[in-house]
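The structure appears below as structure tokens.
These numbers come from the heavy atoms of this one structure, side chains and all, not from hydrogens, waters or symmetry mates.
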Amino acid sequence: MRTDVDTLLHRLAQQLGPRTEESVETLLRYTRGELSEPWGYDEVADLVAEETAGHVVAFLDLLEHGADAAEAAPPPQSLELARRLARSGVPISTLLRGYRLGHVALLQLVQTEVLTLTDDPELVNAAALRLMAAGFGYVDRSSAHVVAAYQEERDRRLQRRLLLANEAGRRIGTTLDIDRTAQELADVGADGFADLVTVDLVSSVLDDEDVSPPSLRRVARRSVPGGDAAELPVRIGRTHSYPAGSEPARALATGTPVLRRAGASGGPAGGDGFHSALLLPLVARGETLGLVRFLRTGSGAPFDEDDLLLAQEIAARAAVSIDNARRYTHERSTALALQRSLLPRHAVEQSAVVTASRYLPSGSRAGVGGDWYDVIPLSGARVALVVGDVVGRGLRAAATMGRLRMAVRAFADIDLMPDELLTHLDDVVIRLQHEEGEEAGETSATCLYAVYDPISRVCSLASAGHVLPAVATPPDGAGDAPGSRSVEFPEMPIGPPLGLGGLPFETVQFELAEGSLLALFTDGLVQSRARDVDTARELLRDGLAQGSPSPDEVCDRLIAALVPERAVDDIALLVARTLSLDPGHVATLDLPSDPAAVAGARRFAADTLTAWGLDALSFTTELIVSELVTNAIRYGRSPIRLRMIRQSTLTCEVSDANSTAPHLRRARSYDEGGRGLLLVAQLAERWGTRHHREGKVIWAEQALPADGLLTLPAT
């Protein structure tokens with residue numbers, strides 16, 4: 001029988017060989033119908049036909065000569081296609097899906113052809129088994145090469161991007177001079193990235209005066225030797241404007257970057273001698289400061305999507321540096337811009353609290369201070385509420401505030417307990433002191449960090465020298481019902497200010513009724529020359545005790561009652577009304593430390609999604625749950641628990657009593673494990689680990705389908 005099958009497959013390959021072009025068209029039609037994404041890239045679409053033909057020829061050759069599929073190598077076009085997909089930003093999952101679809105279609109085509117050569121059922125069955133074995137062996141072998149080529153290209157481009165981004169961070173913004181900073185941007189861009197770079201700034205950025213109609217001024221330009229492919233009409237120092245409706249004008253108006261290649265009419269690439277261009281608005285703190293253009297001539301490769309991302313990062317760094325220089329030069333603009341930067345532009349989407357906030361810069365001439373606040377969504381439907389205050393005023397205080405705010409966000413992202421977060425933040429302040437030296441004076445700050453969990457309704461709170469919040473509880477636990485509220489200031493230890501080092505912080509936990517109000521503020525709200533702190537606390541208590549549960553109305557009421565017409569200190573106020581998550585949106589399963597429990601966890605996940613009407617997520621969710629539970633059983637300790645949370649996203653959490661955190665690593669081809677978290681990272685929108693006193697939780701989030709979204713309360 002083996003000889004008969006070999007003969008049949010040999011005849012099959014010879015019969016299909018002359019019809020390779022026809023087979024390729026069939027496969028392309030099928031693949032294009034099932035997977036549309038890669039076809040949007042011209043440089044990719046042109047290569048797909050060659051790559052498909054290469055696979056057909058290679059597979060037929062394998063059948064004709066009876067070669068071992070495990071030794072087969074993919075055609076060179078496959079490796080080049082993988083590299084181009086990597087350069088175009090196409091996900092590797094799309095590459096592999098297209099790869100599987102093409103090979104499945106080829107296998108079906110070949111199996112259909114078998115029926116034209118024999119009607120012997122036994123021989124047909126034997127040939128089908130041989131074809132499946134050869135097909136899977138070929139796919140496994142060639143896909144390994146393709147994935148390696150894709151990853152190598154991505155790693156190479158990422159390394160290049162990191163090097164240039166680091167260079168931009170080192171060279172851009174070395175002074176507080178606007179023109180010098182713009183020239184540094186042009187110099188970095190022309191150093192191995194573009195052939196010509198021009199920087200235009202809005203005239204009002206330079207003159208601090210609004211000009212109508214708005215105009216631009218060319219402040220910097222740099223080209224490589226021979227990079228001026230055309231004579232540019234605008235010289236350094238000249239004022240100009242782009243025609244209405246042109247791409248540079250639209251980029252400035254919308255704040256949207258543009259990638260242009262030669263061949264499109266009216267763009268910056270083409271007739272002026274440059275084959276591709278990047279147009280990037282310089283945007284800092286929500287304000288468009290100007291436009292930077294990166295241009296390439298015919299001697300270099302055209303810009304692609306990765307180049308656009310890199311240019312955006314460089315432009316973003318430069319925009320911040322230019323804005324810092326402008327703020328240093330124009331003190332009045334500094335105060336106004338800082339106020340705008342501290343006010344959240346959009347409501348933070350989360351289901352734990354409804355928030356409102358106010359930031360009021362001081363009316364004194366000493367300059368703005370370093371007050372800040374933040375609302376940070378955390379895993380497991382929780383939210384962090386932060387208020388802080390940097391000692392001092394002016395640019396240094398504002399800059400320190402920004403660094404601490406980003407540090408808090410970074411520490412919050414790894415889900416530290418409040419006291420642990422403040423300990424790490426204390427180390428950051430100490431490092432800042434050492435970096436700035438004695439000449440800059442002592443750096444110090446206060447911070448209040450709270451985490452609220454809408455499932456347990458527990459608030460965890462720690463203070464580093466910061467005034468304690470006020471908590472207003474609904475009357476008789478009546479939630480949002482109108483009536484006088486009971487207002488208390490939690491009794492808890494206040495830790496030392498940040499920057500002293502070596503002193504502990506303490507986390508206090510207390511339960512909040514749904515609809516409670518939590519008011520976090522800086523000391524500027526309660527300190528005044530006209531009254532003592534006790535009187536201010538009573539006014540604060542009265543403002544929170546009144547019936548309205550709207551955080552926005554509460555903010556207005558507190559500001560009206562406590563803030564004088566001309567405040568002597570900056571004020572940051574954050575008011576949050578607590579929510580609780582419907583128990584029906586949380587499902588929990590305790591698991592034994594037994595590999596057999598994985599199947600039960602998958603069934604539990606599928607049943608829960610069915611009850612929630614989210615069957616569309618069953619496949620990916622079961623895979624995620626399987627990997628997380630397996631990981632906990634293999635490496636963790638009992639008790640092990642699976643928890644699923646439905647809110648604005650679907651969250652799957654697995655907790656265990658082992659505090660060792662997992663890490664994502666690249667599994668080698670001969671490793672038996674190491675792919676679980678990689679799979680979770682590919683399937684989930686976000687994933688991570690958080691630690692608690694008894695162990696850790698590994699979580700993964702997925703977006704809900706449109707019909708499964710929960711409506712969040714309006715802020």
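Between R296 and F193 the shortest side-chain heavy-atom distance falls below 4.5 Å. You'll find the side chain of Y449 reaches within 4.5 Å of the side chain of V408, heavy atoms only. In this structure, W372 and V387 have side chains that are not in contact, with every pair of non-hydrogen atoms separated by 4.5 Å or more. You'll find the side chain of V292 stays beyond 4.5 Å of the side chain of T198, heavy atoms only. R431 has its side chain out of reach of V429: every pair of non-hydrogen atoms, C-beta onward, lies at least 4.5 Å apart. Using a 4.5 Å heavy-atom threshold, the side chains of V428 and R403 count as separate. With a 4.5 Å cut-off on side-chain heavy atoms, C447 and L404 do not count as touching. At least one side-chain heavy atom of L289 sits less than 4.5 Å from a side-chain heavy atom of R326.
Between F303 and F294, the gap from one ring centroid to the other reaches at least 6.0 Å.
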(message) Pair R222, D195 - check salt bridge (Lys or Arg N to Asp or Glu O under 4.0 Å), show working.
(response) CA-CA 8 Å; R222 176 70 183 273; D195 296 316; over 6 Å; no
(message) For L291 and R293: C-alpha separation, side-chain torsions, deciding distance, then whether side-chain contact (heavy atoms from CB on, under 4.5 Å) applies.
(response) CA-CA 7 Å; L291 182 76; R293 302 193 306 164; 4.2 Å; yes
(request) Any chance you could lay out the side-chain contact (heavy atoms from CB on, under 4.5 Å) test for H424 and L416, step after step, and finish with the verdict? (result) CA-CA 9 Å; H424 285 283; L416 296 175; 3.4 Å; yes
(request) Please test L280 against Q312 for side-chain contact (heavy atoms from CB on, under 4.5 Å), starting from the C-alpha separation and ending with a verdict. (result) CA-CA 7 Å; L280 292 106; Q312 284 180 270; 3.3 Å; yes
(message) Walk me through whether E305 and L309 qualify under side-chain contact (heavy atoms from CB on, under 4.5 Å).
(response) CA-CA 6 Å; E305 297 294 336; L309 291 175; 5.8 Å; no
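Taking the side chain to side chain contact (heavy atoms under 4.5 Å, CB included) definition, one finds that H240 meets it with D200, L216, R218, V234, Y242, sequence neighbours left out.
D155 contributes atom CG, which lies 8.0 Å from atom CD of E152 (distance to the nearest 0.5 angstrom). Interatomic distance, L432 CG to S444 OG, rounded to the nearest 0.5 Å: 11.5 Å. Between D570 atom CG and M401 atom CE the span is 9.0 Å, to the nearest 0.5 Å. The CG atom of L308 lies 11.5 Å from the OG atom of S276; values are rounded to the nearest 0.5 Å. In this structure, CD1 in I322 is found 8.5 Å from CD1 in I172, a value given to the nearest 0.5 Å. Here L278 contributes atom CG and L295 contributes atom CG; the two are 8.5 Å apart, rounded to the nearest 0.5 Å.
The main-chain N or O of G501 is found under 3.5 Å from a side-chain atom of D426 such that the two form a donor-acceptor pair. The backbone N or O of S215 lies less than 3.5 Å from a partner atom in the side chain of S203, making a donor-acceptor pair. Remark: side-chain polar atoms of R217 are not paired, donor with acceptor, to backbone N or O of L201 under 3.5 angstrom. Under the 3.5 Å distance criterion, the side-chain polar atoms of H466 are matched with a main-chain donor or acceptor of F521. Checked by atom type and distance alone, the side chain of T254 pairs as donor or acceptor with a backbone atom of T256 at under 3.5 Å. With hydrogens and angles disregarded, a donor-acceptor distance shorter than 3.5 Å links the side chain of N166 to the backbone of L162. Here the side chain of Q433 pairs a donor or acceptor atom with the backbone of T443 at under 3.5 angstrom.
Among residues at least two apart or in separate chains, salt bridge (charged side-chain N to carboxylate O under 4.0 Å, His left out) pairs with a member in residues 163-179 are E167-R170, E167-R171, R171-D191. Applying the ring pair (Phe, Tyr, Trp, His ring centres under 6.0 Å) test to residues at least two apart or on different chains, none of the pairs has a partner in residues 157-192.
When all heavy atoms are compared, the tightest approach of L498 to L425 is CD1-CD2, 3.5 Å. Annotation for G189 and V197: closest pair C-CG2, 3.6 Å, computed over non-hydrogen atoms. Between D389 and T522, the shortest heavy-atom distance links the atoms CB-CG2, 4.3 Å. Nearest approach of V390 to A445, heavy atoms of both residues: CA-CB, 3.9 Å. Nearest heavy atom pair, residue A315 against residue L282, reads O-CD2, 3.6 Å. Pairing each heavy atom of E685 with each of A703, the nearest pair is OE2-CB, 3.4 Å.
When D374, L448, L385 are each tested for a side-chain contact (heavy atoms from CB on, under 4.5 Å) with L574, only one passes: L385.
In summary, the side chains of T181 and S321 do not present any donor paired with an acceptor at a separation below 3.5 Å, with no hydrogens or angles considered. Inspection of the T174 and E184 side chains reveals an N or O donor paired with an N or O acceptor under 3.5 Å. Looking at R180 and T175, their side chains never bring a donor and an acceptor atom within 3.5 Å of each other.
Taking a 6.0 Å sphere around CZ of R686, one finds it holds more than 12 heavy atoms contributed by other residues, nucleotides or ligands.
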